[in-house]
Amino acid sequence: MPHLHIKKFNKLKFPYVNDGVNFNFIANNANRDDEKLISVTIENEDFFLLVREDENKKLLKTDKLTRPSSTQKIHNALLSYAKEAKLEILDSNVHHSTKNIHLKEVNALKNIEYFANKFPDVDDICIEVGFGSGRHLLHQAKGNPDILFIGIEIHRPSIEQVLKQVNIQKLDNLMILDYDARLFMELIPSNIISKIYIHFPVPWDKKEHRRVISTSFIEEAQRVLKVDARLELRTDSENYYVYSYETFINFKKISLEIKKNCDIVISSKYEDRWKKQEKNIYDVTMINKIFSDNLKIDGNFEFSEFKSSYEKLLKLSSITKKYDNVFIHFERVYTLEDGIMLRTSMGSFDRPEHLYVIVRNKDVSYYPTLPLKSKSNLVAHKFLDGVLNG
Ligand SMILES: C[S@@+](CC[C@H](N)C(=O)[O-])C[C@H]1O[C@@H](n2cnc3c(N)ncnc32)[C@H](O)[C@@H]1O
């Protein structure tokens with residue numbers, strides 16, 4: 001993660017503009033002095049820089065929730081802030097010359113809004129969830145130029161590595177998305193996907209709610225797959241295999257194929273490692289047997305006029321509200337010069353969204369972007385609107 005280790009943090013006078021980088025405002029954690037967020041806009045993209053001031057280390061770095069589409073923007077923002085605020089840099093992994101040309105050259109990298117606005121309208125679409133080094137995804141895209149492949153990953157270095165290959169191999173049938181695949185599934189139209197690959201997902205033995213496979217994920221997978229289309233799960237974890245099998249088997253109108261220690265067209269980095277260790281590899285393939293109803297998501301993310309008080313909002317820090325299928329957790333509260341900002345996680349229990357909400361006078365808004373328009377987020381939004389005014 002890009003960061004600057006600094007001697008002392010200095011505050012600029014906000015708003016502040018320098019060479020295309022806009023520093024808009026600063027948010028101070030209301031419960032601890034050592035954390036601040038600085039709102040930045042570069043080329044119409046908004047994100048935060050995070051200031052951490054521990055006793056023995058002071059850092060200016062990326063805020064994980066609002067990472068922009070390119071690392072280059074983070075580097076620009078960090079160096080620009082440091083220069084303008086005259087910060088003394090003790091150590092850093094950010095350099096002026098760092099340029100990821102691949103992020104600029106290829107347009108394979110899409111953001112979630114691209115898919116939310118209009119999902120690609122082509123006959124054959126395959127998805128790979130958590131492509132890692134991308135060996136399988138790139139191999140498939142190269143060998144099947146008439147199929148559109150969408151690769152979803154949350155690990156930024158893997159994404160950048162694969163984008164580099166997309167560029168080198170000049171692949172024009174591959175789109176890459178930096179997003180949680182569990183949420184992405186909710187906005188795919190019904191009955192359009194030809195195949196879903198999930199190869200060696202993280203087993204998360206101690207945090208099952210973080211697993212990709214869950215009842216709600218399979219529900220969405222069944223809805224988006226064409227009739228007779230397949231979801232291919234490949235895992236080296238016996239635990240994950242048993243858990244997945246037990247989750248799949250509860251579904252009607254699917255058939256399941258189980259295989260053990262079978263080779264597939266290409267072996268991933270992980271697979272090579274497990275094979276060397278002589279671990280068993282399990283394939284669980286779900287074949288969809290129903291034609292699903294069209295995806296229908298009604299509602300919006302508007303807030304009512306704010307009528308409560310800032311004092312009440314300040315007390316929300318660390319509070320969790322649970323409802324039937326959704327929840328809202330107020331992770332942190334920040335004070336702004338002219339308002340309050342809340343960092344929340346909300347939505348369904350197994351695929352929550354992490355968001356900032358800003359309250360200024362009577363206005364409430366999400367920052368910097370709206371939640372993904374999914375059923376669970378819309379329900380959670382209604383509850384959130386109620387809590388803020390409660
Ligand atoms: C163990 S690696 C396997 C990578 C690759 N499929 C392979 O076989 O080498 C699992 C990958 O899934 C990604 N991942 C985990 N949860 C995810 C999610 N909810 N959405 C998208 N990617 C995810 C991780 O970042 C990681 O790169």
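Note: hydrogens, waters and symmetry copies are ignored here, and every other heavy atom, side chains too, is used. Both counts, for ligands and for their atoms, begin at 1 and track the order of listing. What you are looking at is a predicted structure, and each value in this text was computed from that prediction instead of being measured.
Around CG of D54, the count of heavy atoms belonging to other residues, nucleotides or ligands within 6.0 Å exceeds 12.
Atoms of ligand 1 lying under 4.0 Å from at least one heavy atom of F131, given by number and element, are 5 (C), 6 (N). Which parts of ligand 1 touch A181 is read off a 4.0 Å heavy-atom cut-off, strictly below it: atoms 18 (C), 19 (N), 20 (N), 21 (C).
Between D124 and D146 there is no side-chain heavy-atom pair separated by less than 4.5 Å. Between T62 and R156 there is no side-chain heavy-atom pair separated by less than 4.5 Å.
Y270 and F200 have parallel rings, their planes meeting at less than 30° on a 0 to 90° scale where 60° marks the start of perpendicular.
Considering only non-hydrogen protein atoms, atom 8 (O) of ligand 1 sits nearest to S268 OG, 2.9 Å. When hydrogens are left out, the protein atom nearest atom 10 (C) of ligand 1 is F200 O, 3.4 Å; that is the closest non-hydrogen contact.
Considering each of H199, R182, E153, the one bringing a non-hydrogen atom nearest atom 24 (C) of ligand 1 is E153. For the residues I154, T235, I198, the heavy atom positioned nearest atom 17 (C) of ligand 1 is part of I154.
Residues F251 and T215 approach most closely at CZ-O, 3.4 Å, considering heavy atoms. Across every non-hydrogen atom of V326 and S376, the tightest pair is CG1-O, 3.5 Å.
Close N/O approach between D180 and ligand 1 is found [any backbone or side-chain N/O within under 3.5 Å]. Polar contact check, G130 against ligand 1: a nitrogen or oxygen pair lies under 3.5 Å apart.
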